[in-house]
Amino acid sequence: MPLLIAFDLLDRQILDRDGIPVGKVDDVELSPDSRYVAALLTGQRALGARFGGVLGRWITGTAARLDTDRTGPRRIEYALVAKVDSAVHLSVRRELLTPPALEAWLDEHVIGRIPGASDAG
Amino acid sequence: MRATSWAATGLVAAALAWGGAGYLATKPTDFHDYRVAAVGAAQTAYDALASADLTGTALLAGRVTGPYADSMLGDARDALAGAAKQFARVSPPDQRTQKMRDELGPLLIKANAVLPGTASDITDKTLDNLKPVEDALDQFLEEHE
Amino acid sequence: MKRLLAVTLGILTAIGGFVDIGDIVSTSESGSRFGVAHTWVLVVGIIGICVYAEMSGRVTAISTRPVFDLIRERLGPRIGLVNLLGSYLITLLTLAAEIGGVALALQLLSGASYLLWVPAAAIVLWLALWRVKFETLERVFGLSGLALVVLLVSIFWLHPDFADLKGQATTFSPPKGENWPTYFFMAIALFASAMTPYEVFFFSSGGVEERWTPRDLTISRINVFLGFPLGGLLAFGFLATSAIVFEPIGVDVSTLGQAVLPAGMAFGRIGLGLAILGVFAATFGAAMETGLSAGYTVAQYFGWSWGKFLRPRQAARFHVVVLVSILLAVAALLTTIDPIQLTEYMLIFSAVVLPLTYLPILVVANDRGYLGDKVNGPFANIMGVIYLIIVVAAAVAAVPVMIFTGMGG
Amino acid sequence: MPAKASDLLGRRVLAADGKPLGRIVDLVCEIDGDGRPRLVAALAVRGPWGRLLGYEREQVRGPWILETLARMILRRQMTTVPSASLRLDE
């Protein structure tokens, strides 16, 4: 069955091997010759670029300020995709991927400091 | 649509809304407006007194608690204050409405006076004092609604 | 027993739709002004939310995707964002109102002003959302909200003229002394809150929290077809008792205290206490529902990890959204704005959000790629389309009617 | 910078004879032997409809009224353009 990039990939939830959310497919990167799907792009930077306009620049700008270590959006190599159905399932656990900057920052400075943050609810 | 036309549409809509709001805010009160305001105030005052009456009766029968009655009386007092404020904001534009003001004004003051302050003030007597004011407000509503 | 407890998600969700603080007061107001003339609106609302909650529960059980995922997936990021902003505002306004409602219930018990209770209510709410297991929250507040049954029983204890009530319920027009616009305004407000979008967000996300699989389809359906009618029935308790006590003497209900008075008149202090306890549980439950939904919608739009089944550190952004929403709600309340008035503004945003929420659910419920042979049958589709039309009509009519009547004045 | 799907989606495409075919709404891939999705075609739609709610696929059926509307738009306006003959309108 053919895979439709806009329908089957874009805006779908990416889940890791254990079903934990990793991000949305905010854009899809093509190989340099534009013939293959190379990677999934996720995060507000990729999302903002898709919006375009003032709102898009604002979203991208805020996301970029939070994440100064990286030059582009988070990339997930397409080779890591195990299955595409109502979500995009990866074959790895999310700890192996670079964590999103906002999540890491909030974990370190806010949530991680509140007692009980490491216990499941 | 382009961003500029969106902006233009937005500006026009904002201008119309602003103009409309300005018109409504500065429009002089006519008979209809005054009647609406007066009836609203009378209804609020009546609701407050009648609720206080029901609560008081229930309290004396031991069916509700003191703190509950206290907060019902507090609500009634707030409602009366709101009604008085709402009524004071409009001034009567003609003779007919002047008559309405002369009727309702004293009633609102009386309502405030007869409303028990706290649950401990509630007795058969204070409840009896509520009745004539309730009836008068009811009468006023019947006439002008 | 375990099977019985499995329906508490539906009950809790329905409580947020039918007997949250705004609904308690506006349903009672409707009863006090129109008698039980709006009973049909409750029936229409119950059927509507059942139709769409069943679809979203089915989609979630089979695909494990909650509703907001579908919205962005089918409508795209732009319209999804419009829906997100609208839904978030509705949810936030309701959250603020519910925290106010918890505080008002405490005021009725203690006599101390509700403003003093607001911070305490907010802190306990946050602790519950931070520490307590989802199933525990659902059971405690879903079940104790059932204390509101006391109002339903009160109907019989107040010895009304049942022929009269039946007459009111089968007359589809406003009684003498009331006008059509207000009648419609109240009808739309009751209908919109019965179908308020955070119910399907919460219900489907709750299904994911409880790790529903295709085998839980029956559990989902029992939740829907038991929970929502039960919620609607509790709302009818407020409608009917206000119609019995306040309508004949011409008092318009506008406070929570008035709404629970009939329980006291029927059963004395115990009845009153039960009603206030029920209101406390219902508003606290609705506060949890809206607090979590605020986090669910934002996290599901952006694809962040979310949920109470994860450790808070694994879903840091989700927990920050929940925390910030509670703080915003408290800030709004401490301006001394009337918490009950707050829920009326919800209608403005419902106009945008309701169609944009229910359309994608209907479309996905027909997608074999998602649901295999569990797609909608003809009956579900007919009902779905009819309700989509009603929702759009109500949404379009809401704002003009609201301005025209000065919010039901 | 490598190309992104969003750079192609929404762009206008032309037929071989230069006739406009509308905007790209989706990109069709086939999974090749190595499991990599290879771009084989683009779907172009005339008119303003960018999102078709999924009715471009066979699996979405009903409700009758929504399906009929969506398929009416699709039949009249959708073209599949193979990658090899894809001409973007600059």
Side-chain angles (χ1 to χ4, degrees), chain A residues 1-12 14 24-53 55-57 59-60 64 70-86 88-91, chain D residues 1-13 21-45 48-61 67 70-71 73-74 77-88 90:
Chain A
M1 214 183 63
L3 180 79
L4 296 171
I5 291 185
F7 186 80
D8 292 315
L9 291 178
L10 281 183
D11 300 314
R12 296 252 171 166
I14 309 173
K24 279 274 182 322
V25 183
D26 288 308
D27 211 333
V28 169
E29 187 183 294
L30 304 175
S31 62
D33 59 1
S34 286
R35 290 184 55 207
Y36 285 94
V37 170
L40 308 176
L41 304 175
T42 176
Q44 279 87 290
R45 265 195 216 194
L47 181 65
R50 251 173 91 203
F51 268 95
L55 178 65
R57 276 197 298 279
I59 296 176
T60 319
R70 225 190 317 251
T71 48
R74 286 173 78 209
R75 275 178 95 248
I76 297 169
E77 287 290 340
Y78 197 83
L80 298 178
V81 173
K83 190 173 68 167
V84 178
D85 52 21
S86 58
V88 177
H89 299 265
L90 302 182
S91 56
Chain D
M1 204 151 111
K4 290 183 296 182
S6 61
D7 300 335
L8 289 172
L9 293 166
R11 292 277 293 273
R12 292 175 183 285
V13 280
L21 295 171
R23 294 168 193 278
I24 300 184
V25 294
D26 215 330
L27 301 166
V28 187
C29 296
E30 245 150 41
I31 310 290
D32 72 4
D34 306 329
R36 289 197 302 170
R38 188 166 59 87
L39 244 64
V40 291
L43 298 181
V45 166
W49 287 279
R51 286 256 165 183
L52 301 162
L53 296 166
Y55 285 101
E56 61 267 43
R57 291 180 321 150
E58 276 297 301
Q59 287 134 310
V60 191
R61 286 281 162 81
E67 190 186 349
R71 294 208 191 276
I73 295 165
L74 283 177
Q77 307 199 320
M78 192 163 81
T79 3
T80 307
V81 191
S83 295
S85 57
L86 190 66
R87 278 181 60 197
L88 295 174
E90 292 308 327

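Just so we're on the same page: letters track the sequence lines, and every chain starts at 1.
With rounding to the nearest 0.5 Å, the separation of CG in D/D7 from CD in A/E29 is 10.5 Å.
Among A/L9, A/V37, A/D27, the residue making the largest number of heavy-atom pairs under 4.5 Å with chain D is A/D27.
With a 4.5 Å cut-off on non-hydrogen atoms, D/L8 touches chain A through its side chain but not through its backbone. Residue A/A46: no heavy atom, backbone or side chain, is found under 4.5 Å from chain D. Contact of A/D26 with chain D is not made at all, since no heavy-atom distance falls under 4.5 Å. Only the side chain of D/L9 comes within contact range of chain A, with heavy atoms under 4.5 Å apart. Of the two parts of A/Y36, the backbone and the side chain both hold a non-hydrogen atom closer than 4.5 Å to a non-hydrogen atom of chain D. Contact annotation for D/D32: only side-chain heavy atoms (C-beta onward) come within less than 4.5 Å of a heavy atom of chain A.
Across A/R45 and A/A64, no two heavy atoms sit closer than the pair NH2-CA, 3.4 Å. Shortest non-hydrogen contact noted between A/L40 and A/V25 is CD2-CG1, 4.0 Å.
At least one donor-acceptor pair under 3.5 Å links the side chain of D/S83 to the backbone N or O of D/A41.
A cation-pi arrangement is not found for A/R57 relative to A/F51, the charged atom failing to lie both closer than 6.0 Å to the ring centre and inside a 45° cone about the ring normal.
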Given side chain to side chain contact (heavy atoms under 4.5 Å, CB included), test A/L41 with D/K4 step by step and report yes or no.
CA-CA 9 Å; A/L41 304 175; D/K4 290 183 296 182; 3.5 Å; yes
